[in-house]
Peer 1: 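Before I ask anything, here is the structure I am working with.
These values consider heavy atoms only, across backbone and side chains, with no hydrogens, waters or symmetry-generated copies. Chain letters run A, B, ... following the sequence lines, proteins first, then strands; residues in each count from 1.
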There are 2 protein chains.
Amino acid sequence: MSWPVIDTYEEVDGQLAVGGIPAQLLAERVGTTPFFAYDRAAVTRRVAAVRAALPDRIHLKYAVKANPMPALLQHLSGLVDGFDVASAGELRHALDTPMPAARMSFAGPGKTTAELAQAVAAGVLIELESENELARARGVAARLGVRARVALRVNPDFAVRGSGMRLGGGPQQFGIDAERVPGVLAGLTAAPELDFEGFHVFAGSQNLRAESICEAQRATVDLVLGLAQAAPVPVRYLNLGGGFGIPYARKDEPLDLGPIGENLHKLIEQQVRTRLPEAHVVIELGRYLVGEAGVYITRVVDRKESRGKTYLVVDGGMHHQLAASGNFGQTIRRNFPIAVASRPTAEDATDAPEKVTVVGCLCTPLDLLGDDVELPRAGIGDLIAVFQAGAYGLTASPTAFLGHPPPPEVLV
Amino acid sequence: MSWPVIDTYEEVDGQLAVGGIPAQLLAERVGTTPFFAYDRAAVTRRVAAVRAALPDRIHLKYAVKANPMPALLQHLSGLVDGFDVASAGELRHALDTPMPAARMSFAGPGKTTAELAQAVAAGVLIELESENELARARGVAARLGVRARVALRVNPDFAVRGSGMRLGGGPQQFGIDAERVPGVLAGLTAAPELDFEGFHVFAGSQNLRAESICEAQRATVDLVLGLAQAAPVPVRYLNLGGGFGIPYARKDEPLDLGPIGENLHKLIEQQVRTRLPEAHVVIELGRYLVGEAGVYITRVVDRKESRGKTYLVVDGGMHHQLAASGNFGQTIRRNFPIAVASRPTAEDATDAPEKVTVVGCLCTPLDLLGDDVELPRAGIGDLIAVFQAGAYGLTASPTAFLGHPPPPEVLV
């Protein structure tokens, strides 16, 4: 038996192991199924791999939105250089870690004035998404008597090819259009309440093509070098975003970090170092750091045949892992990697794979975790693992749907 | 100004009113935005309309999964004849109402043995989805020394044309294939732990075509009349499902209940009454009873222009109303009905509509509530209403996504 995501997980005692603990024992330790298990060592290894591939001068930031589990944040606070939060709720968990607030940023459209006040009070860098937000940040800073640390989020005039999601180029709710930024910068000299640090440009996410990411980084540096000429003070912060994707479907090839590292090295040495000597270059990653380190484990409750098809009905489902059901922003549903995690207990268990459809326990046909997948024969009581569950899993799912209890998350 | 769903909501003081309370006052009373407001009178009216259209003998059941808000369940317990639950969590809230447990059913694949025990202990009718579930229900009943009330959920050999979702026909995780039901019924005589009451057949949901629903009801009655011949006792329960849809997109025509009532009348008088004289005919509706009675209200936090497009950024979003963002099982995104709920406060407010894109506060391009919609000019502080939010709204959304607080729900 082998797991589809072989680099991350090992087999112990004929079972999938997370953090060295075989799945059945882990399920007993958790005390209930379904649950999410995140592999502490896998996160550590992934951060180390990114650091090894990227230039030393890169500031590596974790985008908390990918997975805000408090224990995971505590672990990551010792590994990365900063956190990016997308709400006051995420900020609260981030501030509970040893990570200094000075190394945190707050991005996202629709920040409320109350959220801006929390960010200013905490001393977090605010990535401003609009002129109005800038005006409100000034107002908050004046009221609190504290300068607000700000960067401008820029909506670039280009998009990234091959991104799973586009967040830049054309009209956008994100950031300030690049062509309006010089005007905004000019106004900053009359805004002593704001401490301007630099720029954030983020053009797309979940990209598996290194060359597209490199191209976006080059275009971003070009754009920022131009904008920086209108800045009232030297640029200290240059957030290039992230967008590093992970493979979800069988045909997906993992991202090659090598060319990205070389590209960043060149950009820093040939352009940033000379023209923006005070700038910290930031790469902000969420999914890429934690996505593969998480697995969703659920137990088979029923095994049934219906008109030639075999169904495994599990005690989990789309209410915990919406993306795996294909109902979270996907236009075409593709199976996430899936495996039998326990040593199969079916009386006639063999290693000969069979075609089964794995469905969740919800009373809706949307609740599909694996459609016509090949698995070793599994029966009631066996554990099924859905991989790539470390990012945008539990928090991106409708946990209250149909009234089942929320699943535990464990970091092992 | 007029609301797109004019039958349900009225205008008071130039604003959208829910339960007679204008939106701005309601937002003050709730104390925060965003929130869900359900109109008590609208639910009452809708149940009355269904009762008026359907034959007196129909037992009208509410499918709790559509909206399990406790206060709403309390209200509905005085209006409908029964509740259907899809989990032990829903069962708990249902049992907190005055509705007798004897008039509740529990359906859904993947019921755990613990859930079956709760249902048997409560005296709820279990709609069995598989042979294995039947065996486990027997085991539970034997252990508790209480007979388990059961019905068989049948996977029919037909599908319903025009359903938003198909739950019957072909291979399914739902129910027992029709052709296997006679064998299962034969086995019931040797299962004294089970009190067999009848059948549940549910072929599809969210259907706006009355003729398709009538056709499914006729085919269901035909199917059950055949199956009933193999039943060990007279059939007392005949759950025809529901599937009544509500309009979401501009082009959708509301469902015409007239033909459905006539069809049911004929089926009951000409077939059920004579051939299954002890059978209660059940129609089970969720979305149809509550969907139009709910509205999601969110406040404009930012108004921005980007390359020729105007964006209203609101303090809510897809984390509360996933279906309205087009990311919950839809293949093509269509705008839900949307309106400015408050009296617009923008200085240059006029009644001349403008084209705007309404986006949520999440840092993802998926968070889209209204794409290029025509609205009266609205500014920061104004309230936006997204309609058809009474069913599969809050509980079908990833509320924890990006760490914002959960929105209140109020019944007014």
Side-chain angles (χ1 to χ4, degrees), chain A residues 65 68 85-90 93 107-112 129-133 155 165-167 170-174 177 301-304 306-309 311 313-315 317 322 327-329 331 357 359-366 380 394-405, chain B residues 65 68 85-90 93 107-112 129-133 155 165-167 170-174 177 301-304 306-309 311 313-315 317 322 327-329 331 357 359-366 380 394-405:
Chain A
K65 66 164 87 62
V85 299
S87 70
E90 289 185 2
H93 290 302
K111 299 183 194 84
T112 64
E129 305 270 353
S130 75
E131 285 96 325
N132 170 271
E133 201 173 283
N155 176 24
M165 273 188 229
R166 212 180 78 161
L167 290 91
Q172 286 288 346
Q173 68 258 50
F174 308 109
D177 294 345
V301 173
D302 204 347
R303 181 189 162 99
K304 60 187 282 193
S306 173
R307 296 179 183 140
K309 264 183 103 155
Y311 289 89
V313 185
V314 298
D315 60 3
L322 186 61
N327 290 296
F328 193 66
T331 41
T357 290
V359 298
C361 63
L362 301 192
C363 201
T364 163
L366 298 176
I380 293 173
L394 179 58
T395 60
S397 299
T399 43
F401 195 38
L402 270 55
H404 294 280
Chain B
K65 65 163 90 62
V85 299
S87 69
E90 289 185 3
H93 290 301
K111 299 182 195 83
T112 63
E129 304 269 353
S130 75
E131 286 97 324
N132 170 271
E133 201 172 283
N155 175 24
M165 272 188 229
R166 214 179 77 162
L167 291 90
Q172 286 288 346
Q173 68 259 50
F174 307 108
D177 294 346
V301 174
D302 204 346
R303 179 188 163 99
K304 58 188 281 191
S306 172
R307 296 179 182 139
K309 265 183 102 155
Y311 290 88
V313 185
V314 298
D315 60 3
L322 186 61
N327 290 297
F328 193 66
T331 40
T357 290
V359 298
C361 63
L362 302 192
C363 198
T364 162
L366 298 175
I380 293 174
L394 179 58
T395 61
S397 299
T399 42
F401 197 38
L402 269 56
H404 292 280

Peer 1: Could you list the residues that satisfy salt bridge (charged side-chain N to carboxylate O under 4.0 Å, His left out) with Glu90(B), not counting sequence neighbours?
Peer 2: none
Peer 1: Can you measure from OG (Ser87(B)) to NE2 (His93(B)) and round to the nearest 0.5 angstrom?
Peer 2: 8.5 Å
Peer 1: Pick whichever of Pro398(A), Pro68(A), Gly110(A) has the most heavy-atom pairs under 4.5 Å with chain B.
Peer 2: Pro398(A)
Peer 1: Val301(B) versus chain A, heavy atoms under 4.5 Å apart: side chain, backbone, both or neither?
Peer 2: both
Peer 1: For Leu402(B), is it the side chain, the backbone, both or neither that has a heavy atom under 4.5 Å from a heavy atom of chain A?
Peer 2: both
Peer 1: List for me each residue that meets side chain to side chain contact (heavy atoms under 4.5 Å, CB included) alongside Thr357(A), sequence neighbours excluded, and say none if there are none.
Peer 2: Lys309(A), Tyr311(A), Val359(A), Leu368(A), Asp371(A), Asp372(A)
Peer 1: What part of Pro109(B) lies closer than 4.5 angstrom to a heavy atom of chain A: side chain, backbone, both or neither?
Peer 2: both
Peer 1: Under a 4.5 Å heavy-atom cutoff, which of Arg303(B), Arg307(B), Lys304(B), Gln173(B) has the most pairs with chain A?
Peer 2: Arg307(B)
Peer 1: For chain B, which of Pro405(A), Ala86(A), Gly170(A) has the most heavy-atom pairs under 4.5 Å?
Peer 2: Gly170(A)
Peer 1: Between Gly89(B), Gly308(B), Ala396(B), Gly317(B), which residue shows the highest count of heavy-atom pairs closer than 4.5 Å to chain A?
Peer 2: Ala396(B)
Peer 1: Determine whether Ser306(B) and Phe174(A) make a side-chain contact, defined as any pair of heavy atoms from C-beta on separated by less than 4.5 Å.
Peer 2: no
Peer 1: Spell out, as yes or no, whether a donor-acceptor pair under 3.5 Å connects the side chain of Asp177(A) to the backbone of Pro171(A).
Peer 2: no
Peer 1: Which distance, rounded to the nearest 0.5 Å, do you find between the CG of Asn155(A) and the OG of Ser130(A)?
Peer 2: 12.5 Å
Peer 1: Let me know if Leu362(A) has heavy atoms under 4.5 Å from chain B in its side chain, its backbone, both or neither.
Peer 2: backbone
Peer 1: Out of curiosity, Leu366(B) CG to Phe401(B) CZ, how far, rounded to the nearest 0.5 Å?
Peer 2: 7.5 Å
Peer 1: Taking Asp302(B), Val313(B), Thr399(B) one by one, which has the highest count of heavy-atom pairs under 4.5 Å against chain A?
Peer 2: Asp302(B)
Peer 1: Heavy-atom pairs under 4.5 Å with chain B - which of Gly108(A), Ala88(A), Ser397(A), Gly360(A) has more of them than the others?
Peer 2: Ser397(A)
